[in-house]
Protein chains: 2
Amino acid sequence: MTSALVRKLECYLPLSDVDRAGLEALQFKFHSIAAKSEVEAILPAGGAVHQIQTGYACRYRQLPDGRRQISGLMIPGDFIDLRKFVVTGAEHGVFGLTELALMGYDAASLLRVLEARPRSAQAVWRALLAEESIAQEWLVSLGKRSALERVAHLICELYVRHTVMNEGAGRTFTLPITQREIGDAMGLSTVHVNRTLRELRQRGLAKLQSGQMEILNFEKLADLAMFSPTYLQFRNRTANRH
Amino acid sequence: MTSALVRKLECYLPLSDVDRAGLEALQFKFHSIAAKSEVEAILPAGGAVHQIQTGYACRYRQLPDGRRQISGLMIPGDFIDLRKFVVTGAEHGVFGLTELALMGYDAASLLRVLEARPRSAQAVWRALLAEESIAQEWLVSLGKRSALERVAHLICELYVRHTVMNEGAGRTFTLPITQREIGDAMGLSTVHVNRTLRELRQRGLAKLQSGQMEILNFEKLADLAMFSPTYLQFRNRTANRH
DNA sequence: CGCGTGTTTGAAACCGCTCAATGACTGTGG
DNA sequence: CCACAGTCATTGAGCGGTTTCAAACACGCG
């Protein structure tokens, strides 16, 4: 059975057996973090890269007057602090949407592996780039897409990300997120998120119910959102075929 | 006289004489590009990193239905394709707002210098990180700031960036950008950008006239925008003291 | 049971958009 | 030199998408 680390990286770049072996030899520590809590405050500061085993988290920034902007959603398999591994430019916090089970890789050991295996290093770069690329796409959403398009686009994004990590698990996936959090991510009020989700449901496109997102018609949903999965940087485009 | 490359990188990290010498020994080619044109279409593809000597440009993404989202503004001294130097994940175009004079550094030669001088390499990372960090801040603006706050914040950002690159050239700086372009960047209609600029003028905060932005009251402007320059990653915080 | 959290819906207000028209400026061709 | 077209800035009027305020409802939990 391949490790979560290898599984994640191979979403971006196929690895050789030697690459895989190097990564799988890495030790890691488990961390368990209660739901709705500040992740950074609990984790040992620096020196490690953490990957989500189970649970959901978000990156966010808080304005001085209390407004909160969520700038990224992290699902199982994602790294939550890859950026800090590269440079120490914090600026944002990480918040657990659910209870989290994390795997923490020692940064120094990881670095050694990456220096020995350039292809593994490239895969990590890709993973980081994909994050930035998603943020870029959110920028487009917030700037140019309507509420309906924004939420539809977010659903498409998460659907593809789930599908790629889980190798196509059907048209329903776990999404334990409140409407308030969707609003904080997409720049909408909670109330309007509610109405928007209702509209998507009534149009027969997607349905969110008790933490489960059901895709009713991916083609129409992607069409409405002007969603094109290439920006996610996945090498494997199976998710592209709805 | 120090080269533009060194001057830019030293905004992020102080360099040693050896670092500087290595960078200044780099050859570069000049490129001149007409105003209002697609930069990528003209530049020799790949293999080079370009820095703006004079002129202004923007990074943007176009949606299939024609809507355009500007995701970054580049001013003299900035690199326009640093990201592509790291990974080939295009997705966005570069557009010259004015006529551009570019310096093109050969990517392979630059890479050699950076491998020999880790501190220079780190400065380049910082420059790239700063770009991402600005995009992140725009995400916050688009998601959570009002039109007035957004435009005010953009003005603060550009003011500080100008000040740092030009070592504090006073409270007026060149900003040859149309109101339509401000709108495409901040997710506002042209008409509303106009009204917003009028409001800022009437409040005695900032004034944009024939391509010159004049800061009338930086403190109040920054306060309105909830602007805090740390995200720009500059080591030199003189711009912080208004 | 009562409480807290999250969802749902209605009504009214508002911010920002669209449509439309005018004026200022610039470059172009006659 | 003037007429013309094109781009950009400016302003008014009206519409509409989204927000805010408010209240009810559903659900899980101690």
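Numbered from 1 within each chain, the chains take letters A, B, ... in sequence-line order.
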Do the side chains of [Y] and [X] get nearer than 4.5 Å, heavy atoms only?
X: B:R203; Y: B:K220; result: no
X: A:I155; Y: A:L200; result: yes
X: B:T174; Y: B:Q212; result: yes

Nearest-Å distance, [atom1] ([X]) to [atom2] ([N])?
X: A:M186; N: D:dT18; atom1: CE; atom2: P; result: 14 Å
X: B:H192; N: C:dT18; atom1: NE2; atom2: P; result: 12 Å
X: B:Q179; N: C:dT18; atom1: CD; atom2: P; result: 16 Å
X: A:E181; N: C:dT7; atom1: CD; atom2: P; result: 8 Å
X: B:K36; N: C:dT26; atom1: NZ; atom2: C1'; result: 14 Å
X: A:L188; N: D:dT18; atom1: CG; atom2: P; result: 7 Å
X: B:R67; N: C:dT18; atom1: CZ; atom2: P; result: 10 Å
X: B:I182; N: D:dT10; atom1: CD1; atom2: C1'; result: 14 Å

Exercise for review: Could you label the plane-to-plane angle of the A:Y12 and A:F234 rings as parallel, tilted or perpendicular, counting under 30° as parallel and over 60° as perpendicular?
Suggested key: parallel
Practice item. Keeping the roles fixed (side chain from A:D81, backbone from A:H50), state whether a donor-acceptor pair exists under 3.5 Å. Key: yes
Revision key, fill the gap. Assert: residue with more 5' nearest nucleotide on DNA chain D, out of B:R180 and A:A147, is B:R180
Check your understanding: Touch check for A:T178, heavy atoms < 4.0 angstrom, all strands: base, sugar-phosphate only, or nothing?
Key -> sugar-phosphate
Review point. What does A:S146 touch in the nucleic acid at a heavy-atom separation under 4.0 angstrom: a base, only the sugar-phosphate, or nothing?
Key: sugar-phosphate
Review point. Is the shortest side-chain N to carboxylate O distance from B:R83 to A:E132 below 4.0 Å?
Key: no
Review point. Of the residues in residues 193-217 of chain B, which ones touch DNA chain D at a heavy-atom distance under 4.0 Å?
Key: B:N194, B:R195, B:R198
**Study point:** Cation-aromatic face contact B:R61/A:Y231, 6.0 Å, 45 degrees
**Key:** no
